[in-house]
Amino acid sequence: MASRMQRFDFGLGDAVLRAGEAGTRFYVFASGSAHVLQDGAVCGRLTRGCTVGGGALAAKVLEPFDVVAREHTIAFGIEGAEFFNIISENAWRSRSENRGFVERVPIFQFLPTWVRERITSAAGHADVTPYSEVVEVGEVVLKEGQMDFPKIRILKSGKLSFRRSPDSSHTLKSFEAGDIVGAGTLLPWRKGLGAAATVVAECRSEILCIPGEDVKAAVIDETVHTEVFTRTFMMVGLNQLKTFSGLGRAHKIHLVRAMEVKDYAPHELIDTGLSVSSVRYAHVMLGSLRSLETDQEHDLGVGQVFLAPELFSEQSVSKCCAVDSCSCKERRVGPRGVLRAGSSGCKAATLSKGSLVAALSELGVSPVDSLDDTAELAEDMLLAHRIPIFRHLSNEQVQLVLKSFVPRCYARGSRVIEQGELGASLYVVASGVLEVQINGRIVRTLGKNGSFGDRGLLFEEPRSATVTVVSDFAVLWCLDKADFLNVLTEDLRSELVKRMDLQDADVVLSELTSIRLIGVGGFGRVSMVQHKKTGLRYALKQVRKMGPHGKLKAQLALRESELLAEMDHPFTLQLVRTLETTRSVYILTDLITGGDLYTAVLEIGRPLAHGEAQFYVGSVLLALEHLHDRGSAACVPRLEAGERDA
Ligand SMILES: Nc1ncnc2c1ncn2[C@@H]1O[C@H](COP(=O)(O)OP(=O)(O)OP(=O)(O)O)[C@@H](O)[C@H]1O
């Protein structure tokens with residue numbers, strides 16, 4: 001671009017750019033200075049190093065500002081068409097990078113897939129060319145009151161802050177990568193209001209700009225636009241409150257969806273504060289809102305939030321929180337009073353107790369005393385869903401289980417249960433590593449999310465193994481038989497029985513009949529075998545100790561079975577036992593009947609449908625997550641011996 005630029009000289013009072021005219025050039029100032037004027041008023045100053053004219057050219061809109069030289073000024077300029085070609089070419093090159101980035105922008109998750117695709121492929125759109133802008137520390141990105149170009153700016157890297165004025169040291173809010181800058185100016189009901197404060201670069205930052213004749217029309221239709229930006233704004237409100245910080249993004253999106261957005265006339269009563277189902281949360285989107293307490297009044301402006309801290313209880317205490325301030329001013333005041341629109345009316349998003357409870361219970365979280373506890377419960381729920389033996393349980397049942405669990409901490413060497421003793425509790429490993437021994441022989445190890453003791457819950461029989469803590473300490477969740485039986489579903493029972501059968505580590509080679517060969521790997525042969533008495537079928541891998549590299553192969557086979565012994569997940573191979581003779585090492589595992597995924601994909605003979613790919617990738621991820629939880633990266637899940645039958 002620099003090589004195509006020419007020198008232009010401007011004298012005092014010369015117009016560099018004129019508002020309302022089609023842009024002709026993009027300039028970089030080399031010396032001197034100029035004023036940026038909006039409706040005759042100075043709204044910015046350009047000096048050496050500043051650029052001007054690019055935004056309107058890229059967005060193909062008329063110049064929004066007059067730019068007038070204040071002294072003799074030298075600028076280097078490039079013709080509009082050439083400038084446009086260069087940035088389009090550049091945009092094309094960084095298209096895939098931008099695509100990936102836009103996909104990750106949190107607010108776009110409110111968009112339907114087709115709209116997201118339109119935005120991410122905007123580079124190919126005739127009128128829209130996303131481009132990156134780099135701003136240096138201290139540079140003003142958006143000025144208070146400035147009417148923005150019709151463009152979406154998304155912070156790609158660096159940090160920006162929202163301040164009352166460029167010189168003010170008080171930061172109202174910081175923008176991190178992925179945040180939309182000046183989203184307020186895009187809000188449909190704030191049309192014509194300009195930016196609410198000034199946005200300044202805190203360090204060198206890169207901003208992705210998606211311009212357009214009219215972004216709303218070119219990229220998103222009006223309905224989607226309203227929906228997206230309204231929800232984004234509502235999300236910003238929730239995000240500013242510590243109370244909601246424990247909730248995951250999906251939970252917050254759900255809450256946003258449950259909110260009611262309404263316009264209120266001046267002084268209109270929003271809530272009397274007397275009703276039990278009264279408004280627990282209100283976010284001012286336009287105008288102002290007045291909360292009248294017995295002893296004082298609070299006016300809340302745009303972006304500020306009213307929050308009743310005892311969200312679910314009937315106690316009426318209120319807390320006002322200014323969301324446009326970094327340090328939330330949280331005050332508790334007397335009995336909660338009336339909530340009214342301010343003197344010019346308001347638009348507000350509200351959540352009543354009823355909608356809050358309904359939204360959370362849809363997520364499987366029943367109300368507890370405070371949202372902090374609710375958030376904790378939600379987190380436990382998510383964890384509980386990762387525990388394999390609970391995967392058949394409904395949200396309500398998981399909640400029941402969570403309420404009945406007693407967490408206990410055990411030190412290294414503690415014997416949690418002992419072979420032969422009677423016991424009726426189920427244990428889930430929250431952290432730590434434990435060793436399972438039968439008749440003094442280690443049969444498997446257990447780690448996070450593993451469980452044991454289920455046999456005692458289902459059958460009145462002595463413990464079949466001894467379980468000892470081998471890490472520094474272990475935290476276990478203990479569940480009593482009575483509580484467990486409350487949630488025992490048929491699916492769970494058959495899953496547990498199947499697992500117990502597989503864990504019957506007393507199987508010996510002479511009890512197995514070979515049915516057929518399944519496959520040959522790098523180290524050995526795998527056959528389908530059947531237990532003569534129980535009829536159960538297994539896979540038996542035989543690795544010979546004789547022949548070339550026999551010793552090494554046997555060592556690797558033993559290592560493989562050690563790793564398998566640490567796994568306990570429906571999507572990883574379940575080890576039954578390892579057997580050794582003078583000639584071979586045998587690894588007995590459960591039999592996977594679905595075939596291997598690679599062959600399955602070849603057999604399907606076409607690209608996988610979205611749902612199929614989602615299923616396979618999802619299954620693989622769950623298996624990898626389990627390996628990660630167990631701290632193992634060396635074991636391959638059932639990728640090949642497919643999870644098709646899972
Ligand atoms: N538990 C099982 N259930 C069903 N089929 C299995 C099972 N284990 C292995 N197989 C089949 O047997 C084949 C050989 O398995 P094996 O574990 O010996 O080797 P591999 O995993 O293919 O390769 P490597 O020898 O490098 O580990 C596999 O490709 C798979 O199709």
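No hydrogens, no waters, no symmetry mates; every other heavy atom, side chains included, goes into these values. Atoms within a ligand are numbered from 1 in the order they appear, just like the ligands themselves.
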* Asked: Quick one: do Lys545 and Glu580 make a salt bridge, cutoff under 4.0 Å?
  ->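 A salt bridge is present here (some side-chain N lies under 4.0 Å from a carboxylate O).
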* Asked: Between Arg606 and Glu612, is there a salt bridge with N-O shorter than 4.0 Å?
  ->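 Yes.
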Using a strict cut-off of 4.0 Å, indicate which atoms of ligand 1 neighbour a heavy atom of [X].
{"X": "Ala539", "answer": "1 (N), 2 (C), 3 (N)"}
{"X": "Leu573", "answer": "1 (N)"}
{"X": "Asp590", "answer": "1 (N), 2 (C)"}
{"X": "Phe523", "answer": "25 (O)"}
{"X": "Thr589", "answer": "1 (N)"}

Within-cut-off N or O pair, [X] and ligand 1, under 3.5 Å:
{"X": "Glu560", "answer": "no"}
{"X": "Ile592", "answer": "yes"}
{"X": "Ile518", "answer": "no"}

* **Test item: Tyr410 and Leu476 side chains (from C-beta on) under 4.5 Å apart, heavy atoms** =>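 In short, these two side chains touch, coming nearer than 4.5 Å.
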* Side chains of Tyr538 and Asp590: closer than 4.5 Å at any heavy-atom pair? ->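 Result no, sub-4.5 Å side-chain heavy-atom pair not found.
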* To do: Measure from atom 18 (O) of ligand 1 to every heavy atom in Met528, Gln574, Gln542, Lys541 and give the option owning the shortest one.
  =>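 Selected option, by shortest heavy-atom distance: Lys541.
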* **Contacts of Tyr586 that satisfy side-chain hydrogen bond (donor to acceptor under 3.5 Å, both in side chains) - sequence neighbours left out** =>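 Only Gln542 meet the side-chain hydrogen bond (donor to acceptor under 3.5 Å, both in side chains) criterion with Tyr586.
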* Asked: So Arg463 and Gln419, side chain to side chain contact (heavy atoms under 4.5 Å, CB included) or not? Walk me through it.
  -> CA-CA 5 Å; Arg463 298 288 194 196; Gln419 190 173 355; 5.5 Å; no
* What heavy-atom pair brings Val507 and Leu579 nearest, and what distance separates the two atoms? ->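 So the minimum-distance heavy-atom pair works out to O-CD2, 4.1 Å.
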